[in-house]
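Read the structure below first, then the notes.
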Amino acid sequence: MSVHLLSGGTGAQVPAHLTRIPISLISTSTNSKDKIVKGKVVHKGPLVSGSADSFILKIIIQEENPPTNASTQNISMNVVLFGALAKSFSQAVNQEDVVVASGFTVGKSPTVHKDKLHPCNLLLSGGDACIYVSRPPPPPPPAPRSLPASKRSSALSTEDSRAAKTPKYTYAHLDDLKAGSVVNVYGVVVFFKQPFKSRGTDYCSILKITDKSNKMIGCTIFCEKLEDHPKIFQVGDIVRMHRVKVQVFNNSVSLVNTFGFSVVTFDGAVGGAVEPRASSHKFSFSQEDQQTVEELRSWTASQAVIPSTPSAIPLSAVQPRAYFNLTCQLLAKAPIDTTCTLLRVWDGTRCPHTLLKVMVEPNVTEGPTSFSTERENLIANILVYDNHVEFAQQLKPGAFLRIYNLRSIPGSSKVPGLTSSQSEETDHLAFHLHGGTSYGRGIRVLPENSPDVQELKRVIEAFQEDEELLEIWSTPPESLDSEAVECSTERSCGHDMQPVTLSEVKQSRPGQVHHVRIQLRSYEPCRLYQALKLYCSKCTSIQDVPDDELLASVFSEASKDSDPCSPPPWVLSGPVSLPTDSPRFQNRALSVHLSTHLLSEGKSKELLFLMGSTLEETCQLAASYPNIVPVRSSGGRLALLDLSAPFLFRGRKRYYGCKRCSKAAVSELSVEGAEVIDEKMVAEALGVQLLQFVLLMKLELQDATDTLDVFLWRHAESFFSVSAEDVAANQEAQNSIRQTMDHLCPPGGSVGQRPWLDLCLTAYRVEGDGGQDQDQTCYQICHTTVIRPSSTLSDPA
DNA sequence: GGTTAGGGTTAG
């Protein structure tokens, strides 16, 4: 059981009585006694260590010069080494070394279907197993030859183990591929399809490559993960593939990835930086690779292998009735139906043809729902169909894309789900990414650092600067009186006043009302749930809404009070079980108290006093009982929880009381004449000063003259057209505020993207802590409502 | 444990 390094005549020798058996002829019935198998190591796996010195190492060897009697099929096979042999092999043997194995047994390869290699594998373990290594001669050293052959080490020197860590690869020429072999290749991409979902488990990439031999070779790459696929952006890119298997299909040679496959892609432009695009961080890349890429680039440029037409064209050069590739930025997107998604893109250039308008609901749009008029005119609406929809759904607005084989159709066609009057606009150019992958049809996200994206960003930024200039010159104060500017808000105050500038507002005395036409520059809090507050109308205090973590601790603290409790005479007490399927709630009976008065009214379940529950359990029960008041035992009596927690749960709504203004005590509720029990009745009965949910935000306004911080508070609910109580209880109301704010102040958007707003402001004096000198003028937005983003994505002109 | 695809336009 050992690894022997063969070195000319001086080292170990393969015993002469052993006879070689070609790899292709090995079967499970092979008698391995006195046999050897010889092959080149084309893959060396990692040394896998199990428990207590049990090592396993898997390699693939390939027949180098098959004897004439051997077939060319199955010339590559898996070899599994065990124990100390695996360990010393791992240290001593490099990829590309030629090895001879003896003392092996033959097993069925469990991975034959996956790696398409030999149906058998060689197993090397125990005392008979032996590996002889002959290293290929090193590449010719620079003249004069300075390294005598005798200097080459015949022992396993440290130099050898270092070499083992960075295997040197050899690359096959594309006109010299032997069927069944596993090879490494370099090639220039002459055709490619972005990875698409196969009918199996993997994504499939199709490419055709060529090299200096001028041979065209088709390649099929199957990988489950998209990132393991070649990152090809355009024809002319250069790929380096390791461990692809040569196959014959339809009488021509093709390549398929096999075990240990990896690929690195390079841009093919002469003179550009050689930057590898790889999925793995640890791929080999040497000076030789650099040279190979540069040589292939020059060769490609001299040979006209690649059509000289540009691989992508800008919107400004798009012809009707054409297929083309587009490099662009995604601004917004919206699903149309299950087979179609709308992508709104631009590349900063203006298409000479009028572009198709597509209407969609704003609440299904991801990204801004409207843009400046200038920008709207540059936006191309792309309808993406069928298999591309799934990929499109994962795209994020802002991403840079290349869309391959996009089709421009004049006159427009009907958009599914919309009536013809909504979508049909003759003489408009429509863009379709049809279903299927023919001609490489597909979408690819380009990285920010790619040269094409850098160029795209230059064009876009130049446009944005123009856009901002336009906005500044065409807006207030010059246009304050005009009706030309479309506004996203509406005043309902009824004041008959002309708008003034922010600088005029700042110079005015407090106590006045102003109309302004402004844009929203920024706002606080960015985390909109923090805008939700609790307000006491009695003491006018404002506090944050406690988070669930705090509430849970209040409940848990309250349930620790285990003093015996004598409930008041007007209650009936008993256990209640939680209406849930969840096993963790089982075996937990909570103590509940019902009002006998309500019982007599037939409304016993209308109001529950619940004791000893957790926050989670209380919420569970609140789904089934309309009013739940959490209680605890305190000094032998029934008491409310600390008022940091809600004193009442009504469905998903929670009601809080003011600690300062409440005189809380558990007492009986009078419901005479009342149809339903509401929070006000409960609060009154319990002596709780009910806190009100309010929205409080600080907005920074901007116009051509100045900026101004204003509050949105007392009129916040009508501004957003939502109730703060709803915001506290449901996600939809929260989303609605988020959408409104994203519309008024698009995240990452330029000033040109922010709509103009007509506001009514009140200015008032607020006493500072330090007396008269510290008085401040504050401003509040009042009597103003946001007009919900219009339901069209089209150019409003 | 093992297949997928194997370039060559949707038909909205």
Side-chain angles (χ1 to χ4, degrees), chain A residues 78 108-117 119 121 177 179 187 189-210 216-226 228-230 232 234-235 239 244-259 261 307 320-325 335-343 356 358 360 381-389 392 403-420 422-425 428-443:
Chain A
N78 285 295
K108 268 186 162 176
S109 169
T111 55
V112 58
H113 294 291
K114 189 180 180 108
D115 56 30
K116 301 193 178 67
L117 298 177
N121 58 14
L177 300 176
V189 176
V190 295
F191 171 81
F192 66 100
K193 284 184 179 187
Q194 294 300 344
F196 58 91
K197 267 213 163 116
S198 73
R199 286 170 207 274
T201 55
D202 296 338
Y203 283 94
C204 177
S205 284
I206 300 295
L207 42 154
K208 187 165 272 182
I209 58 172
T210 189
M216 300 283 180
I217 300 292
C219 310
T220 309
I221 309 296
F222 293 110
C223 293
E224 209 166 354
K225 292 186 199 153
L226 277 175
D228 293 335
H229 280 259
I232 301 169
Q234 59 190 334
V235 159
V239 287
V244 282
K245 195 186 177 194
V246 182
Q247 286 188 336
V248 176
F249 178 76
N250 278 350
N251 296 321
S252 49
V253 169
S254 62
L255 295 171
V256 178
N257 61 314
T258 181
F259 184 72
F261 167 77
R321 294 178 195 81
Y323 288 97
F324 66 105
N325 299 339
I336 301 286
D337 62 24
T338 55
T339 69
C340 183
T341 285
L342 171 69
L343 299 184
L356 171 80
V358 183
V360 290
N381 290 306
I382 295 176
L383 294 166
V384 164
Y385 290 97
D386 303 340
N387 53 315
H388 309 297
V389 166
I403 305 177
Y404 301 89
N405 197 236
L406 189 56
R407 188 180 183 205
S408 64
I409 305 175
S412 150
S413 46
K414 203 171 163 293
V415 176
L418 301 178
T419 67
S420 58
Q422 277 176 300
S423 64
E424 199 117 15
E425 286 277 354
H428 279 188
L429 211 50
F431 296 109
H432 292 242
L433 187 69
H434 290 299
T437 63
S438 303
Y439 284 85
R441 196 177 304 125
I443 305 176

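Within every chain, numbering begins at 1; the chains are lettered A, B, ... in the order of the sequence lines, protein sequences first and strands thereafter.
Residues satisfying the side chain to side chain contact (heavy atoms under 4.5 Å, CB included) test with A/A322, not counting sequence neighbours, are A/Q319, A/S408.
For B/dG7, its base never sits under 3.5 Å from the side chain of A/T437 at any donor and acceptor pair. Remark: the A/S198 side chain and the B/dT3 base include no donor-acceptor N/O pair separated by less than 3.5 Å.
Taking atom CG of residue A/L356 and atom P of nucleotide B/dG12, one finds them 14 Å apart after rounding to whole Å. What separates CZ of A/F196 from P of B/dA5 is a distance of 7 Å, to the nearest Å. A/R199 places its CZ atom 10 Å from the P atom of B/dT4, with the value rounded to the nearest Å. The NZ atom of A/K193 sits 10 Å away from the C1' atom of B/dG6 (whole-angstrom rounding). The nearest whole Å value for the distance from the CZ atom in A/F259 to the P atom in B/dG1 is 15 Å. Between the CD1 atom of A/I217 and the P atom of B/dA5 there is a distance of 21 Å, rounded to whole Å. Going from atom CD1 of A/I221 over to atom P of B/dG6 covers 13 Å, rounded to whole Å. Rounded to whole Å, atom P of B/dT3 lies 13 Å from atom NZ of A/K245.
Judged by centroid separation below 5.5 Å and plane tilt below 30°, A/Y385 does not stack onto the base of B/dT10. Between the side-chain ring of A/Y439 and the base of B/dG8, no stacking contact exists by the 5.5 Å and 30° definition. A/F222 does not qualify as a stacking partner of the B/dT3 base, lacking a centre-to-centre distance under 5.5 Å together with planes within 30°.
Regarding the sugar-base torsion, B/dG7 falls in the anti class, its angle being beyond 90° of 0.
Once rounded to the nearest 0.5 Å, the distance linking CG of A/L255 with NZ of A/K208 reads 12.0 Å. Rounding to the nearest 0.5 angstrom, the gap separating the CG atom in A/N405 from the CD1 atom in A/I443 is 12.0 Å.
An OP1 or OP2 oxygen of B/dT10 is reached within less than 4.0 angstrom by no side-chain nitrogen or oxygen of A/R441. OP1 or OP2 of B/dG8 has at least one side-chain nitrogen or oxygen of A/S438 nearer than 4.0 Å.
Distance alone, capped at 3.5 Å, is enough to place a donor-acceptor pair between the A/N257 side chain and the A/F222 backbone.
You'll find that the side chain of A/T201 is closest to B/dG2, out of B/dG6, B/dG12, B/dG2.
Residue-level contact check: A/G435 touches the bases, meaning some heavy atom is under 4.0 Å from a base atom. A/N250 comes within 4.0 angstrom of no nucleic acid atom, judged by non-hydrogen atoms across all strands.
Counting only heavy atoms from C-beta outward, the side chains of A/V244 and A/F261 approach each other to under 4.5 Å.
With P as the reference atom, B/dG6 and B/dT10 are 14 Å apart, rounded to whole Å.
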For residues 190-199 of chain A, which side-chain donor-acceptor pairs fall under 3.5 Å, sequence neighbours excluded?
| residue | atom | partner | partner atom | Å |
| --- | --- | --- | --- | --- |
| A/K193 | NZ | A/T437 | OG1 | 2.9 |
| A/Q194 | OE1 | A/R444 | NE | 3.0 |
| A/Q194 | OE1 | A/R444 | NH2 | 3.0 |
| A/Q194 | NE2 | A/I232 | O | 3.1 |
| A/Q194 | NE2 | A/Y404 | OH | 3.3 |
| A/K197 | NZ | A/E390 | OE2 | 2.9 |
| A/S198 | OG | A/G200 | N | 3.0 |
| A/S198 | OG | A/D202 | O | 2.7 |

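Place A/D202 and A/L433 on DNA chain B by their nearest nucleotides, and A/D202 ends up nearer the 5' end.
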